[in-house]
Number of protein chains: 2
Amino acid sequence: MIKKVLIAEDHESASISVQKTLEQLGIVQSEYAYYCDDALLSVEKALQNGDSYDLLITDLSFEKDHRPQKTTSGSALIIAVRKVQPDLKVLVFSAENRSAVIVQLFENLGIDGYVRKARGDAKELLKAINHIDNNQRYCSQETIQLMKQSKSHDFSELDIAIISQMISGKKQKEISSYLKEHNIFPSSTSSIEKRLNYIKGTFDFSSNEQLIAYCVKMGIV
Amino acid sequence: MIKKVLIAEDHESASISVQKTLEQLGIVQSEYAYYCDDALLSVEKALQNGDSYDLLITDLSFEKDHRPQKTTSGSALIIAVRKVQPDLKVLVFSAENRSAVIVQLFENLGIDGYVRKARGDAKELLKAINHIDNNQRYCSQETIQLMKQSKSHDFSELDIAIISQMISGKKQKEISSYLKEHNIFPSSTSSIEKRLNYIKGTFDFSSNEQLIAYCVKMGIV
DNA sequence: TTCTTATTTACGGATTTCCGTAAATAAGAA
DNA sequence: TTCTTATTTACGGAAATCCGTAAATAAGAA
């Protein structure tokens, strides 16, 4: 039974809405944090006091401001809280709509639910919290749809390295050196070409520019 | 005196927060719309009934869904409502943080206030509405700061066309033909090169890949 | 070990882009 | 008009990428 909830969200307005939703569900013990570090601290404190949270509702992107932070993103926060309280349920509430990012949240971070900030998001929050309360994962139909069309080419560490280097303006020779330095193989310019060609082939892309645009749009890099 | 307010916002959660803020200000006559077309209709109807709105609070981006819409963005909505009720005050509430866009809202659309969805946005909404109630424009210190450092390169129709074509995998020759077909000048491959070099120069980019990544990330294309 | 197979690297020519310069064209002023 | 200036286009060599093939290396099986 979810009784105590922590909201990690930098947008005050979004936080207010989530609080109101919790009120509707009769959840009175809700705390909120505008910074990831504060959220992590709250989780740790509550745990020490034997009064731990049952659910963390968090955004993904937190904006930097004058206050320097150790934890600067929702993903990092989730990883951090999992270390101190592995059984804490996590519901992500974010505007993110890139399937690669959402898939990664479920698969790598093992979140319990995802609600996208969009039309009807408040109603969806209600549903999601109820699902999680019943120990079910929640993911809207729309989001499932989104994740399916995730033309799944697995971008390997190598692929990501190559593409990232291209995005920072490096040419093939420089990328080859970079790969050698970082012990990523294969690393020859020839292999880089091969790899790029292969990826472009699977997507039916004809230029690097096309590939880069896709990767950025999809949040792969 | 602001008594009647219309909220145009597709995110239910954001809309709820704005409504709550209005309640705090003692504004009880508030309506909300999840679609621009609905918002425009409300303004028209209220005007016909001699019970017009005093303030429109609107988001900028509205997501497309199954319901086809004529007006699909906050900017378009503002232009449309200004035609039917020019004296309606407009407060934009959006996550947009590109200075060029915000400047344009004040200069071209003559909005009365801008509040960015960020930390403390609810408190800012209060301030903004009070300012507007006193016939003052509102723009937060942070936003003014943002608009000043408007070092952003203005991407022209030509730039966007070139970059879009590159993203769809075209090479310079093909882009040149495309530009000629669509009567965009200059259109020679030489000019395309020049333009790309110029843009890359202003950003200190060394490859097209870098430029493409930037444009996609920034939502320029 | 040796043989087989798969992966990685090297190489060379075709294509494309890059970059500087020069020619052609357009625009504006006298 | 003519002269001046700015913009656009054309061109050519250098650099980088693309693409196919062949050589070298690594991995696995007998």
Side-chain angles (χ1 to χ4, degrees), chain A residues 151-218 220-221, chain B residues 100 152-218 220-221:
Chain A
K151 272 202 231 176
S152 54
H153 166 76
D154 278 3
F155 284 85
S156 64
E157 188 199 9
L158 174 67
D159 299 339
I160 309 256
I162 294 173
I163 292 164
S164 302
Q165 286 299 104
M166 288 172 73
I167 287 175
S168 53
K170 301 291 162 56
K171 50 190 75 160
Q172 289 185 358
K173 271 193 184 176
E174 296 171 310
I175 298 175
S176 175
S177 312
Y178 172 90
L179 294 177
K180 284 194 179 76
E181 271 173 35
H182 290 74
N183 280 32
I184 305 172
F185 287 94
S187 63
S188 68
T189 56
S190 186
S191 295
I192 293 171
E193 288 175 13
K194 275 257 167 61
R195 195 71 201 149
L196 282 173
N197 269 340
Y198 175 75
I199 302 171
K200 282 188 272 183
T202 64
F203 287 104
D204 202 34
F205 289 161
S206 63
S207 75
N208 286 343
E209 285 85 350
Q210 221 173 345
L211 175 62
I212 297 291
Y214 174 81
C215 288
V216 173
K217 224 176 271 173
M218 289 307 183
I220 291 155
V221 288
Chain B
S152 57
H153 167 77
D154 276 6
F155 284 84
S156 66
E157 188 199 9
L158 174 68
D159 299 338
I160 309 256
I162 294 173
I163 292 164
S164 302
Q165 286 299 104
M166 288 173 72
I167 287 175
S168 54
K170 303 290 163 55
K171 49 189 77 158
Q172 289 185 358
K173 270 192 183 178
E174 296 171 310
I175 298 175
S176 176
S177 313
Y178 172 89
L179 294 177
K180 284 193 179 75
E181 271 173 33
H182 290 74
N183 280 31
I184 304 174
F185 287 95
S187 63
S188 68
T189 56
S190 187
S191 295
I192 293 171
E193 288 175 13
K194 275 255 167 62
R195 194 71 201 148
L196 282 173
N197 270 339
Y198 174 76
I199 302 171
K200 282 188 272 182
T202 63
F203 286 104
D204 203 34
F205 288 161
S206 63
S207 76
N208 286 343
E209 285 86 349
Q210 221 173 345
L211 176 63
I212 297 292
Y214 174 82
C215 288
V216 173
K217 223 176 274 173
M218 289 306 184
I220 292 157
V221 289

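All values derive from a computational prediction rather than experimental measurement. Protein chains get the first letters and strands the later ones, always in sequence-line order, with residue 1 at the start of each.
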Problem set entry | Residues in contact with DNA chain D, drawn from residues 175-186 of chain A - heavy-atom cutoff 4.0 Å | none
Exercise. Just how far, in rounded Å, is C1' of D:dC18 from CZ of A:R195?
Worked result: 17 Å
Seminar exercise, completed: From CD1 of A:I199 across to P of D:dT17 the rounded distance in Å is 16 Å
Exercise. Given side chains that start at C-beta, do those of A:I220 and A:Y214 come closer than 4.5 Å, heavy atoms only?
Worked result: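 Yes; the side chains approach each other to less than 4.5 Å.
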Problem set entry | Note, A:L196 side chain near A:M166 side chain (heavy atom, < 4.5 Å) | yes
For this session: Test A:V216 against A:I167 for side chain to side chain contact (heavy atoms under 4.5 Å, CB included), laying out the working first.
Result: CA-CA 9 Å; A:V216 173; A:I167 287 175; 4.0 Å; yes
Exercise. In dot-bracket, 5' to 3', how would DNA chain D read with Watson-Crick or G-U wobble pairs under 3.5 Å, [ ] for crossing ones and | for pairs to another strand?
Worked result: ||||||||||||||||||||||||||||||
Problem set entry | Member of B:N208, B:I212, B:I175, B:L158 meeting the side-chain contact (heavy atoms from CB on, under 4.5 Å) criterion with B:I163 | B:I212
Problem set entry | Contact list for residues 161-182 of chain B, test ring pair (Phe, Tyr, Trp, His ring centres under 6.0 Å), sequence neighbours left out | B:Y178-B:H182
Could you list the donor-acceptor pairs under 3.5 angstrom formed by side chains in residues 183-194 of chain B, with sequence neighbours left out?
residue	atom	partner	partner atom	Å
B:S188	OG	B:S191	N	3.0
B:S188	OG	B:S191	OG	3.0

For this session: With heavy atoms under 4.0 Å as the rule, sort A:T189 into base, sugar-phosphate or nothing.
Result: nothing
Exercise. Between CD1 of A:I199 and CG of A:L211, what distance do you get to the nearest 0.5 Å?
Worked result: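 Output value for this atom pair is 6.0 Å.
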For this session: Kindly state each residue pair satisfying side chain to side chain donor-acceptor pair (under 3.5 Å) with at least one member in residues 160-176 of chain B, sequence neighbours excluded.
Result: B:S176-B:K180
Exercise. Going 5' to 3' along nucleotides 11-24 of chain C, which nucleotides have protein heavy atoms under 4.0 Å from the base (write B), which only from the sugar-phosphate (write S), and which from neither (write -)?
Worked result: -----SSBB-B---
